[in-house]
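Notes follow once the structure below has been shown.
Within every chain, numbering begins at 1; the chains are lettered A, B, ... in the order of the sequence lines, protein sequences first and strands thereafter. What you see is a predicted model; the values in this text were computed from it and never measured.
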Amino acid sequence: MEIKLFDSELKVMEVLWKEGELSAGQIAKMLNEEIGWNRNTTYTVIKKCIEKGAIERKEPNFMCKALIFKEQVQQLETTDLINKMFDGSMEMFFSAFINEKNLNGEQIEKLKQIVDKLK
Amino acid sequence: MNILQMSIPAGLLILFIAAVRVFTINKLPKKTFLVLWIVVLLRLILPFSIPSRFNIFSMLSHLYKPETNYTAANSDSLNSLTKISELSFLKPIIIIWIIGILLTAIFFTVVFYKSYCRIRAAIPIRDNTFLDMWLSEQNVLRRIQILSSDKIDTPITCGIIKPKIILPKVMDINNDRQLKHILTHELIHIMRFDSVWKIILVFVVCLHWFNPTVWLLFILMNRDMEITCDEKAIKLLGQTEKTAYAESLISMAELKNEISPFYSGFSKNLTEERIVSIMTLKKTSILALTVATLFVAGATTVFAATSDKEVKEKKIISVTDPTKTHEIIITSKERIGEVGNDYITITESQSEGTGSDDKVKEFTIMPSTGEGENLDDSNITVVIDGERYNVKEVK
């Protein structure tokens, strides 16, 4: 099931991914300090997330629990990007980015190790 | 002064300016039109005006003479008239006007709210060295915040006390040159308090919702705010940046567009006009400046003032029948529905002449404000004790 999230919703999800379960009020307070959103704004975004199935609301206290993981969203967004910009070709995507310009020697070594592990 | 007396001359002025604008928008300094629109706004908001000889009404009145025949009515219709006058503030036309204001206000509130919902969850842009540097270079008293939103497609400026520039996510914020153009443009909106002007415009449109020229004013003034903003931006950035700035405008317009009456944005609709305006920008000649000044002064005098002929002109009239009471009601032909002292003050002056001639009374009438047509014997009725009388003579 694909959930499309706006940047604002991702911001709320990031808070939950970092801190675990929090009440809506706590999330609002954190985001107010971090990016200046007022309470109503944060609550509206949280409600949007709940509608999309990304957050589960638990009573009491309007506790919020993330229903999707960061990795899932990363996968989703990247696949979307690859489909859009690289015609769905994973190899084209990687070859566009794995070059000397984007990666230094150390990073290339690390990548090699990851590929080796998969073999 | 009532709403029509403000709306109609303003409407004429708007049409006049709009007509001239078609031909001269690229020949006169763009600020000219903004100043003219502000003159119109003042006319639409302020319920008083400056008397002057050369005003549109006295010019028009030479072409048109109000009808002078009048027939006396009987007391019955007068009584009903008096009753109407007591309830004059509830006239159906006024109720319609108020409903119109409410509907227009609701319309704008809905539009505003939709825009607001879209941009309130914008996220501040951090860790962008160019932006941080640019912000620190500005010396605006209010602190400006720059944010990003994936729900808009053109840059938007909003906020009066805490101004915010919101950039669309689809915009390439690594293109420093383009970014500088956009930011400079938005900065000028902030410095000129365009958000406030937009609110004033909406307020005026709500009051004058019935006047289509006021909607025209709304469109044209918004456009001219953008165009003068471009003018100032190029002044700040330098003439050499002109072409690149125009290219930035085009890039912004290529992202999908939105129309918002509240926030200053880049809209595809005006883009063509603005590009032409920018590319034909040249140093303002003395001639153009002179023409512009005369234009503004002339337009203001002719349309924004009212005739001084009606101000405080005393008339003495003789009435052919005496009255036993002191309750004299004098109306002009046009004002038959509005009876009473709000229009005219009446003092009973000393009757001259012989004692037997007590059928003649003299009254001094003075218009209480400088409005309305000239009072003469053809358009004044005197109502005494429910009986109407034509005025015998006016001295």
Side-chain angles (χ1 to χ4, degrees), chain A residues 2-19 22 24-52 54-55 62 64 66 68 70 73-74 76-81 83-85 96-97 101-102, chain B residues 109-128 131-132 135-136 140 142-175 179 186 190 195 254-256 258 260 262-263:
Chain A
E2 291 189 9
I3 302 177
K4 274 283 153 197
L5 293 178
F6 282 112
D7 279 359
S8 47
E9 291 146 8
L10 275 173
K11 205 78 187 133
V12 168
M13 297 309 297
E14 271 168 33
V15 173
L16 288 177
W17 286 328
K18 203 165 96 168
E19 310 281 341
L22 285 179
Q26 288 169 309
I27 301 177
K29 188 153 175 276
M30 284 185 69
L31 286 178
N32 182 284
E33 280 167 13
E34 197 189 319
I35 55 181
W37 284 0
N38 65 41
R39 264 180 81 92
N40 282 331
T41 307
T42 311
Y43 270 74
T44 309
V45 177
I46 293 176
K47 286 195 190 115
K48 257 307 177 173
C49 291
I50 296 175
E51 274 171 39
K52 291 188 180 178
I55 292 182
F62 200 151
C64 299
I68 53 175
K70 186 169 188 174
V73 178
Q74 283 168 334
L76 211 59
E77 293 285 332
T78 319
T79 318
D80 238 14
L81 173 74
N83 284 334
K84 231 194 266 183
M85 301 301 294
F97 281 94
K101 265 198 290 177
N102 286 336
Chain B
T109 309
V110 168
V111 171
F112 172 80
Y113 185 66
K114 279 196 184 168
S115 300
Y116 174 70
C117 281
R118 248 184 319 160
I119 60 176
R120 67 172 166 175
I123 300 171
I125 302 180
R126 304 249 159 87
D127 307 322
N128 185 314
L131 284 180
D132 293 335
L135 275 174
S136 62
V140 189
R142 301 163 279 163
R143 202 174 74 104
I144 302 174
Q145 242 195 328
I146 302 182
L147 308 108
S148 167
S149 169
D150 53 357
K151 293 185 183 155
I152 54 172
D153 35 46
T154 55
I156 284 179
T157 299
C158 56
I160 298 169
I161 307 172
K162 291 192 271 191
K164 299 192 176 102
I165 301 176
I166 307 178
L167 302 173
K169 190 174 178 194
V170 288
M171 178 182 159
D172 176 13
I173 55 172
N174 291 317
N175 184 339
L179 195 54
E186 300 300 335
I190 293 174
S195 304
E254 277 169 358
L255 316 169
K256 264 196 347 222
E258 303 281 353
S260 168
F262 283 95
Y263 303 133

Is it the case that the side chain of A/D7 and the backbone of B/D150 share a donor-acceptor pair, with hydrogens and angles ignored and the cut-off at 3.5 Å?
no
Kindly give the heavy-atom pair with the smallest separation between A/E34 and B/R126, and that separation in Å.
O-NH2, 2.9 Å
In this structure, OG1 of A/T44 is separated from CZ of B/R120 (nearest 0.5 Å) by 3.5 Å
Option that, when pairs with chain A are counted at under 4.5 Å, heavy atom only, ranks first among B/S149, B/C117, B/A122
B/A122
Identify which part of A/N38 has an atom lying under 4.5 Å from any heavy atom of chain B, answering side chain, backbone, both or neither.
side chain
